[in-house]
Amino acid sequence: MRLSNMLISTLREVPGEAEIISHQLMLRAGLIRKSATGIYTFMPTGVRVLRNVENIVREEMNEAGAQELSASALIPASLWQESGRWDAYGPEMFRLKDRNGRDFCLGPTHEEIFTDLARSEIKSYKQLPLNLYQIQMKYRDERRPRFGVMRSREFLMKDAYSFDKDSEGLDKSYDKMHEAYSKIFTRCGLEFSAVEADSGAIGGSSSAEFMVKSDSGEDEIAFCSKCSYAANTEKATSQLSEKSSEAEKELIKVETPDVKTIEELEKFFNTDSKKFAKTLIFKAGEQVIGVMVRGDRTLNETKLTNAIEGNFELEMADEATVLEVTGAEVGFAGPIGLKVDLLFVDEEVVSMKNFIVGANETGYHYDNVNYGRDFEGTIGDFRTVVEGDCCPKCGAPINIRRGVEVGHIFKLGTKYSSAMGANYLDENGKEQPLVMGCYGIGVNRTVAAIIEQHYDENGITWPMEIAPYKVIVMPANMKNEEQVAVSEKLYNELKANRIEVLLDDRNERVGVKFKDLDLIGIPMRITVGKKVTEGMVEFKLRTGNDIEEVTIENAVERIKAELEKNNIRF
Ligand code: ATP
Ligand code: MG
């Protein structure tokens, strides 16, 4: 491609709306343009990058034995009603009607479509196992679209669905996908780890997220400092410290005027927040829920949501509801005499002795409270793990790091096949539900994640396989006929070798040209300058400082050697 013919949309300034580096660089390098909140156009170079990632995904999925198909993004409501998710999915789903008033949605994910397909196409165990995938746009009306294509409302996803006879089969299919994902993200040049994850709205028994380490990631991951334990903090748990052996003291009510927050309580009681248990009040649809965690802890809302049955949006209770269930102002809630539909108690609170809670009476707290003797509830894990907690596997301290979720694999089991009647006939001619797995990769989020790990002060430093073009040939002076002629010759030779090459034939100062190309991140550059009279040109890697002099004859070989070193076919 000749740069003189190309739409180049580089920006010198950092766009104000872009908070994170990948978003800034995608805008500055002209890879994307925003068309509305959370909706982007991929520009010519952006598309090439996207296709490169997509092709890696496609190759590794095919290699793992999965088969590509392509379903519509437009899905009739009837399928979602069958699975029960038409009501459960909530405001993230883009819903629309056709001219006859029938309900449709723009698919946020495709479990229903693939389960429907499987129930009509799969008849017998002989057709199993099967893994079907597509790479296609998904639509989610995100509560907070942000960070450019990291969290957009339309995004390219590779979604795959596996069908097996039984759970052993599913384990194998899942492991295969785990392996394929590792290959994909390695080829994308990413430093990543697979971590235990919450299964969320999609449901199912076990799942792992592929997390790219990055300070701008929206997820928090708990890593053990010693063993291999790693989990999203939505799911991560910690070992409890030994149950206190302190003798139970007599319950006392203490007057605590205007003492509401944990900080105020710490001062008033002259003790630290670990001696308190806080009681938080939520609304989950019609139900009012109380949940207790230790005073210094943050409640894990994902864990709480998972513990409650039914479809609802969890929200903090308003003041009126708090007054109704506690009989007190906000700040004095406690478990004794609390009138909630359900009370959940974090297991850590159960192991505490003689702690302080609100007395459900404005201006009062109870001290020397003990679980079992003074109140009871449903015990579970409702706390958010923090740095320094003990690893649930080995007890060593946990570290917390930020990450970007680029892929997610789930064992669904028979959740969808049972709901939708997707069965097969087993060896004995008996009907059995298909055992399913599902596997997603955010293709454009992966592009952004690659940039988060590959940039410098001048712009993007694409891994070779991802780069939109591999080489740029640049005459230093467009007015010098010999430089231009040699550049044209090298450009044509590289093209003849099917190497993705650019020719910078713009009448710009060389400094301007270098700036653009460094920003876009073309990995190799051939500069045809003054030394062309001696038969020499310059070769430079985007990520290195060295400028190598090579002969005109050897220039193409030098580039091929670099591509081979990076396992790039051409
Ligand atoms: P998140 O927790 O980030 O919202 P998710 O758990 O909703 O992600 P999945 O339903 O598992 O995501 O979707 C599979 C993959 O699609 C994710 O791993 C992620 O890479 C990508 N993805 C999800 N939502 C978006 C989005 N709004 N924009 C871009 N990519 C997304
Ligand atoms: Mg989401």
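Keep in mind that what you see is a predicted model, and the values were worked out from it rather than measured. As a basis for the values below, the full set of heavy atoms in this structure was taken, side chains included, without hydrogen atoms, waters or symmetry mates. Numbers for residues simply follow the sequence, beginning at 1. Atoms within each ligand, like the ligands themselves, are counted from 1 in listed order.
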Does the N or O separation between [X] and ligand 1 drop below 3.5 Å for any pair?
{"X": "Gly442", "value": "yes"}
{"X": "Asp219", "value": "no"}
{"X": "Arg151", "value": "yes"}
{"X": "Val406", "value": "yes"}

Exercise. Which pair of heavy atoms, one from Ile520 and one from Ala29, lies closest together, and at what distance?
Worked result: CG1-O, 3.9 Å

Could you tell me if any non-hydrogen atom of [X] lies under 4.0 Å from any atom of ligand 1?
{"X": "Thr109", "value": "no"}
{"X": "Met150", "value": "yes"}
{"X": "Val404", "value": "no"}

Atoms in ligand 1 flagged as close to [X], the criterion being non-hydrogen separation under 4.0 Å:
{"X": "Val149", "answer": "29 (C)"}
{"X": "Glu142", "answer": "24 (N), 26 (C), 27 (N)"}
{"X": "Gly407", "answer": "18 (O)"}
{"X": "Ser152", "answer": "26 (C), 27 (N), 28 (N)"}

Exercise. Does a donor on one side chain sit under 3.5 Å from an acceptor on the other, for Glu234 and Asn300?
Worked result: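 No, no side-chain donor-acceptor contact under 3.5 Å.
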
Exercise. Going by atom types only, do Tyr439 and Lys176 share a side-chain donor-acceptor pair under 3.5 Å?
Worked result: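 Checked: Tyr439/Lys176 side chains show no N/O donor-acceptor pair below 3.5 Å.
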
Does only the side chain of [X] get under 4.0 Å from ligand 1, or the backbone, or both, or neither? Count heavy atoms.
{"X": "Lys138", "answer": "neither"}
{"X": "Met157", "answer": "side chain"}
{"X": "Glu405", "answer": "both"}
{"X": "Thr446", "answer": "neither"}

[Y] and [X], any side-chain heavy atoms less than 4.5 Å apart:
{"X": "Ile135", "Y": "Met61", "value": "no"}
{"X": "Ser216", "Y": "Ser22", "value": "no"}
{"X": "Met157", "Y": "His110", "value": "no"}

For this session: Is it possible for you to check whether Lys415 lies under 6.0 Å from the centre of the six-membered ring of Phe410, through NZ or CZ, and within 45° of that ring's axis?
Result: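 Because its charged atom misses either the 6.0 Å distance or the 45° angle limit, Lys415 does not stack over Phe410.
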
For this session: Ignoring hydrogens, just give me the one of His408, Arg140, Arg146, Glu92 whose non-hydrogen atom is nearest atom 5 (P) of ligand 1.
Result: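 Comparing heavy atoms across His408, Arg140, Arg146, Glu92, the nearest one to atom 5 (P) of ligand 1 lies in Arg140.
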
Problem set entry | Option whose closest heavy atom lies nearest to atom 30 (N) of ligand 1, chosen from Phe155, Tyr139, Phe210 | Phe155

For this session: Please round to the nearest 0.5 Å and tell me the distance separating atom CD1 of Ile568 and atom CD of Glu500.
Result: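 Reported value, rounded in 0.5 Å steps: 9.0 Å.
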
For this session: Can you spot which of Tyr89, Tyr416, Trp86 makes a ring-ring contact (aromatic ring centres under 6.0 Å, His included) with Trp80?
Result: Tyr89

Problem set entry | Glu347: salt bridge (charged side-chain N to carboxylate O under 4.0 Å, His left out) partners, not counting sequence neighbours | Arg383

For this session: Inspect the contact between Asp198 and Lys303 and indicate whether a charged nitrogen and a carboxylate oxygen are less than 4.0 angstrom apart.
Result: no

